[in-house]
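Only one structure is covered here, and it is reproduced in the block below.
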Amino acid sequence: MISTQDWADTRLLWAYHQMGHAPQPCSVAIGLGSHDLGVAETAVELYERGMAPLLVFTGATSPTTRDRMPRGEAVHYRERALELGVPSSAVLVEPRARNTGENITFSRELLQEAGVDVSSVLLISKPYEERRAYATTRKLWPGVEIVSASSPMTLDEYVDSIGDARLVIDMLVGALQRLLVYPEQGFMISQHVPDDVTEAYERLCRQGFTSRLLRDAAGQARSQMRR
C-alpha cells in the first residue's frame, strides 16, 4: 500500500528534482539517454521551437534499456528524432556513456571534436533527473550556461506513463540520495536540500522505497542530512 503520507512525500521530492527553468535558446541541446523516449521527443519539440540548432543524444545501454533499445539509447533517440522530422545533419550521437557523468564528459568531447562553440546547453532529461543532470554538468563543464528541461508533465502523468507507482517512488528516492552523496565523491556540485525534502526522503526510506538506493552510500546520505 502507498499511503497518503507517502504520496505527499513523493510530491515534495518530485517538485525538488525539477529546476523550473524556462526554456531559452542555447548553443546545443543534449538529450540524456534512458528508457524514456520522451526525452528525445521533448528535444525535438524544443528544436522545432528554435531553442537549439543542434541536438546531441548520449547513452549506451543499461540493464533497464538493453532489451528495449538494443542499438543503444542515443541511437534510438536519434531514430525517433528523424522520424519526427529533424534532419540528420542536426543530430549528433554519443553512444558510449553509461552514467550521467559520462553523458556530459563524452558529449563535451564530441562537440569539441566537431568544432561546435558551446556557451550554453539546453539539458534534457527525465523529469525527476533535472537537478541531478544540472548539478553534474555544473561540476564537469564549468563556464557554460545550463538550462534544464524535461517533458512537461505532472507526477500523476509520469506514474501513468511508467505504469508502476512504487517503482517511480523508488526512482525519486534514489535520485535524491545521489544528490546527497555524489558531491563529496566529486561527481556533481553540492546543492541545498530543504529540510522538508530531506524529511520526506527519510520517511520514504523507512517505508521501504529503497530499491534504487546505492547501498554502500546509505550511511553517507544519512550523515549528509544531519549536517
Side-chain angles (χ1 to χ4, degrees), residues 17 19 26-43 46 52 54-81 90-151 171-172 174-191 212-217 220-221:
H17 282 308
M19 298 297 295
C26 292
S27 306
V28 63
I30 299 178
L32 305 185
S34 73
H35 62 85
D36 189 354
L37 272 177
V39 173
E41 292 165 358
T42 298
L46 292 167
L54 179 68
L55 303 179
V56 174
F57 293 127
T58 167
T61 58
S62 71
T64 60
T65 63
R66 192 170 294 121
D67 291 337
R68 294 180 59 194
M69 300 180 179
R71 294 181 296 283
E73 296 156 6
V75 172
H76 282 265
Y77 277 19
R78 178 183 183 274
E79 291 171 351
R80 181 58 176 151
V91 183
L92 296 178
V93 168
E94 185 295 295
R96 298 180 295 144
R98 297 186 181 276
N99 57 56
T100 307
E102 290 184 351
N103 287 144
I104 303 308
T105 299
F106 295 163
S107 294
R108 183 180 183 181
E109 292 173 356
L110 176 66
L111 288 162
Q112 288 175 336
E113 292 169 2
V116 179
D117 183 26
V118 178
S119 61
S120 56
V121 173
L122 184 57
L123 197 59
I124 307 165
S125 64
K126 300 188 295 293
Y128 70 90
E129 292 281 9
E130 278 193 23
R131 188 171 292 275
R132 175 181 176 182
Y134 172 85
T136 304
T137 307
R138 282 282 309 277
K139 178 70 176 184
L140 299 178
W141 203 345
V144 300
E145 182 182 0
I146 303 163
V147 179
S148 292
S150 63
S151 301
M171 292 190 295
L172 267 65
L176 196 286
Q177 181 202 37
R178 286 157 177 77
L179 292 175
L180 294 169
V181 303
Y182 276 180
E184 288 198 353
Q185 297 176 18
F187 297 152
M188 62 175 63
I189 64 165
S190 179
Q191 299 174 94
R212 293 305 179 98
L213 290 183
L214 302 168
R215 300 298 173 179
D216 59 350
Q220 185 178 351

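We use all heavy atoms of the structure for the numbers below, so side chains are in, but hydrogens, waters and symmetry mates are not.
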### Message
Can a donor-acceptor pair be found, under 3.5 Å and without considering hydrogens, that links the side chain of Ser120 to the backbone of Ser27?
### Response
yes
### Task
Using salt bridge (Lys or Arg N to Asp or Glu O under 4.0 Å) as the criterion, list what pairs up with Arg132, not counting sequence neighbours.
Glu129
#### Entry: From OG (Ser125) to CD1 (Ile30), nearest 0.5 Å
11.5 Å
### Task
Nearest 0.5 Å please: distance from the NE2 atom of His76 over to the OG atom of Ser34.
12.5 Å
### Query
Is Arg96 salt-bridged to Glu102, cutoff N-O under 4.0 Å?
no
### Query
Got Leu122 and Val28 here, is their nearest side-chain heavy-atom distance under 4.5 Å?
no
#### Entry: Taking every non-hydrogen atom, the tightest pair across Ser150 and Pro127
OG-CA, 3.4 Å
### Task
Taking all non-hydrogen atoms of both residues into account, name the closest pair between Thr61 and Pro70 and its distance.
CG2-O, 4.4 Å
### Query
How far apart are the C-alpha atoms of Leu54 and Leu111, what are their side-chain angles, what is the distance that settles it, and do they pass the side chain to side chain contact (heavy atoms under 4.5 Å, CB included) test?
CA-CA 10 Å; Leu54 179 68; Leu111 288 162; 3.9 Å; yes
### Query
Between atom CD1 of Ile124 and atom CG of Leu46, what is the distance when rounded to the nearest 0.5 Å?
5.0 Å
### Task
Please tell me if the side chains of Tyr134 and Val121 come closer than 4.5 Å, counting only heavy atoms from C-beta onward.
no
### Task
Indicate yes or no: at least one non-hydrogen side-chain atom of Val39 is less than 4.5 angstrom from one of Thr42.
no
### Query
Thr136 pairs by side chain to side chain contact (heavy atoms under 4.5 Å, CB included) with which of Asn103, Thr105, Thr100?
Thr100
### Query
Going from CD1 on Ile104 to CZ on Phe187, what distance comes out if it is rounded to the nearest 0.5 angstrom?
14.5 Å
### Non-hydrogen side-chain atoms of Tyr77 and Met69 separated by less than 4.5 Å
yes
### Query
Got a second to check how far Ile146's CD1 is from Glu130's CD, nearest 0.5 Å?
12.5 Å
### Qualifying salt bridge (charged side-chain N to carboxylate O under 4.0 Å, His left out) pairs with a residue from residues 63-78, counting only residues at least two apart or across chains
Arg71-Glu79
### Query
In Å and rounded to the nearest 0.5 Å, what is the OG to CZ distance from Ser62 to Arg98?
8.5 Å
### Query
If only atom types and distance count, is the side chain of Glu94 paired as donor or acceptor with the main-chain N or O of Ala97 below 3.5 Å?
yes
### Side-chain donor/acceptor of His17 to backbone N/O of Leu172, under 3.5 Å
yes
### Message
Restricting to non-hydrogen atoms, name the atom on Phe57 and the atom on Ala40 that form the minimum distance, rounded to 0.1 Å.
### Response
CE2-CA, 4.0 Å
### Message
I want to check something: taking the side chain as every heavy atom from C-beta on, are Ser107 and Val56 in contact at a cut-off of under 4.5 Å?
### Response
yes
### Task
Indicate yes or no: at least one non-hydrogen side-chain atom of Leu55 is less than 4.5 angstrom from one of Leu92.
no
### Query
Any donor and acceptor pair, going by atom type alone, linking the side chain of Arg108 with main-chain N or O of Leu140 inside 3.5 Å?
yes
### Task
Would you name the heavy atoms of Ala52 and Ala29 that are closest together and state the gap between them?
CB-N, 3.6 Å
### Task
Give the minimum heavy-atom separation between Arg131 and Leu179, together with the two atoms involved.
CD-CD1, 3.8 Å
### Query
Taking the side chain as C-beta and beyond, is there a heavy-atom pair between Val147 and Met19 under 4.5 Å?
no
### Query
Do Tyr182 and Gln177 have side-chain heavy atoms sitting under 4.5 Å apart?
no
